[in-house]
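For reference, the structure discussed in these notes is given below.
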Amino acid sequence: MDTSRHMTNLQVAKLLRAVAAAIELSSGDNRFRIVAYQRAADAIEHSSSEVKDLWDDGNLKELAGVGEAIAGHLDELFKTGKVKHFEAILKPFPPALFELMEVPGIGPKTALKFSKELGITRAHSAIPELLKAAKKGRIDERFIKAIEEYQGRSRRLLLDVAQTIADSIVGWMRKNPHVREANTLGSLRRQASTVGDIDIAVASDHAKEVIEHFTKYPHKSRVLEAGVHTASLILPNEYQVDLMVQPPAAYGALLQHFTGSKHHNIKLREYALKKGYSLSEYGITPRPSTSLSNPSPIIGEGRKGEVLSFPTEEKFYNFLGLDWIPPELREGENEIELAKLHQLPKLVELSDIRGDLQMHSDFNIEPSHDLGLSSVDELCDKARELGYEYIGITDHNPAVSGHTQAQILDLIKKRTEVIQFQKRAIHVFNSLEIDIQPIGKRALPDAALELLDYACIAIHSSFRLSRKAMTDRVLSALDHPKVKFFAHPTARLLGQREGVELDWDRIFDFCVRNHKWLEIDGWPNRLDLPDVVAKDAIKYGVKLVVDTDSHAAGQLVYMRYGVSVARRAGAAKYDIINTGSLKEVISCLTK
DNA sequence: GCCGTTTTCGGCCCGACTGTTTTCAGTCG
């Protein structure tokens, strides 16, 4: 079988990165060609669509960073399984080289050196061979640590784990009177679904006192390092937390720089450069003009060579003629253009949410999946505490095997009585989460569906069907007036299971035409829809519902993570069904 | 090799860290 036809985005990206490395090791000044290949690789790796699907539809050049030439090469790749031009570029180098580069600290030059000096040529055994060489003392011993780091990689934290730790530490820091401001940084501040590092910035004119306070954080295991402006703690679970302290007058640039993303910062600096400014973590520097046609500065003020400081990010972005960009949108897509045109979306806020339409109670409906741990009453109490107007209880359907249709109807009627047992302080919708069976049949008789206010459907089995079969299956299950949304659509589990393959355009189209919604499931190891897909859904006009999928009352607070996904997708309040009032939601349910 | 509401040519982010590095090369975020 021709494997190229099944190449994933990650595999295509890796191929392009290998080409970039090979160009770098070849003679001649090809710096910008190298960067072009790396950018194309990044674009493909982060694309919400499978690159092969884009190729199928003739849309490869939609990817920013993929132009005429690379699109042509990928065309050849998908048609024939190989690219003659790439093979010629890669041929002089041993395959092991590109594996060695996966180790942090090893780039193309070092990889080539090791490959030659240590005789490592085969790709599959490259890393173990390198580790062996390192342990024998044939290369610098610092690489032992780097290799082990690589082998234990993908040890990214789930967003909620990192956020919980950061909330505690930021809270601790704010207790100190010298701390003017404290913020998370990086992918955590951008609320990415997984987080690499927990980094915290503090604005203060008293770095010494602030660092001292940080090292007294009560829940630490030990202090790793405490310098003049930075410090690091190790927590009992071995997670590391880094702190940076800067004077309030220059805090804006620091916060901006370390929030990233890398791609956002590159684009922002390119944009600034055209206006005659150079950006850094310290501030904004007007540049000497390089030609008569490029007089500088065009906007703002400042003497050449002088670093201008900014106390806040708002002032930093505004100086460049941009609206402040919420961290969740800083992924290097079109946010800078939108900020320039004052057209950034007004992102949905946690406080806009008025209900939660997916959660599980402890009513024993005899399901094939987990029961919840809390009673309907407990769920209502917590929801009321959160200020909600309504919730939907979506227990799993009764197990298909071992129940007659009459028994299923009976269970649902009994459960309906529990839900409607008394007048409650908030409205409770009577709903179920229904399995989609492999062939697209719902795991609940239609007669039972009629007893509900609404239902959602979800995939809990047969995760590996083809894209077409999977899409057919889902659309078939969605096709009933009582079924209102598709819950945790990709069924991914972060760090455990990849999402299923779906034809999103077909799903989006069906949803828009039939008043169906897609869920953003805020359960921290789902966060599903993924942000990039949710972004496409919104562009298509699909309505979303942000839920927690709680299995206990205390988990209703996971809503913040679902909202973060929605914000990263650029969702405004009106894109989200459950920002509506009870009356509005009831109206949507009957469309 | 990519890209354009100043350009289809002529640009292309920025600074920190590390090592054996007395002025720079490689790598990273």
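These numbers come from the heavy atoms of this one structure, side chains and all, not from hydrogens, waters or symmetry mates.
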Exercise. Indicate, with a heavy-atom threshold strictly under 4.0 Å, whether A:Phe258 touches base, sugar-phosphate, or nothing.
Key: nothing
Quiz item: Would you say the side-chain atoms of A:Ser168 and A:Tyr217 include a donor-acceptor pair closer than 3.5 Å?
Solution: yes
Quiz item: Is A:Ile139 close to A:Leu130 at the side-chain level, that is, under 4.5 Å between some pair of heavy atoms?
Solution: yes
Self-check item: Short side-chain N/O contact from A:Tyr282 to OP1 or OP2 of B:dA16, under 4.0 Å
Solution: yes
Quiz item: Roughly how many Å is it from NE2 in A:His263 to C1' in B:dC14, rounded to a whole number?
Solution: 15 Å
Exercise. Could you check whether A:Leu268 gets within reach of a base, just the sugar-phosphate, or nothing at all, counting any heavy atom under 4.0 Å?
Key: nothing
Quiz item: When the P atoms of B:dC13 and B:dC2 are considered, how many whole Å apart are they?
Solution: 16 Å
Quiz item: Is A:Lys61 touching bases, backbone alone, or none of the nucleic acid, heavy atoms closer than 4.0 Å?
Solution: nothing
Practice problem: Please say which of A:Arg190, A:Gln191, A:Gln163 ends up in a side-chain hydrogen bond (donor to acceptor under 3.5 Å, both in side chains) with A:Ser564. | Solution: A:Gln191
Quiz item: Which part of the nucleic acid, if any, lies within reach of A:His85 when heavy atoms closer than 4.0 Å are counted: base, sugar-phosphate only, or nothing?
Solution: sugar-phosphate
Quiz item: What nucleic acid atoms does A:Ser278 come within less than 4.0 Å of, heavy atoms only: base, sugar-phosphate, or nothing?
Solution: sugar-phosphate
Quiz item: Is a side-chain donor-acceptor pair under 3.5 Å present for A:Thr194 with A:Arg156?
Solution: yes
Quiz item: Using purine N1 to pyrimidine N3 plus N6-O4 or O6-N4 for Watson-Crick, or N1-O2 and O6-N3 for G-U wobble, each under 3.5 Å, what pairs with B:dG1?
Solution: B:dC12
Quiz item: Going 5' to 3' along nucleotides 19-29 of chain B, which nucleotides have protein heavy atoms under 4.0 Å from the base (write B), which only from the sugar-phosphate (write S), and which from neither (write -)?
Solution: S------SSS-
Quiz item: For atom CD of A:Glu337, is the number of surrounding heavy atoms from other residues, nucleotides or ligands below 6.0 Å larger than 12?
Solution: yes
Self-check item: Between B:dT7 and B:dC3 - C1' atom distance, rounded Å
Solution: 10 Å
Quiz item: Syn or anti for B:dT6, with syn set at within 90° of 0?
Solution: anti
Exercise. Indicate, with a heavy-atom threshold strictly under 4.0 Å, whether A:Ala64 touches base, sugar-phosphate, or nothing.
Key: sugar-phosphate
Practice problem: Determine the contact category for A:Ile70: base if any of its heavy atoms lies under 4.0 Å from a base atom, sugar-phosphate if only primed atoms, P, OP1 or OP2 are that close, otherwise nothing. | Solution: sugar-phosphate
Exercise. Round to the nearest Å and state the distance from A:Glu62 atom CD to B:dC3 atom P.
Key: 13 Å
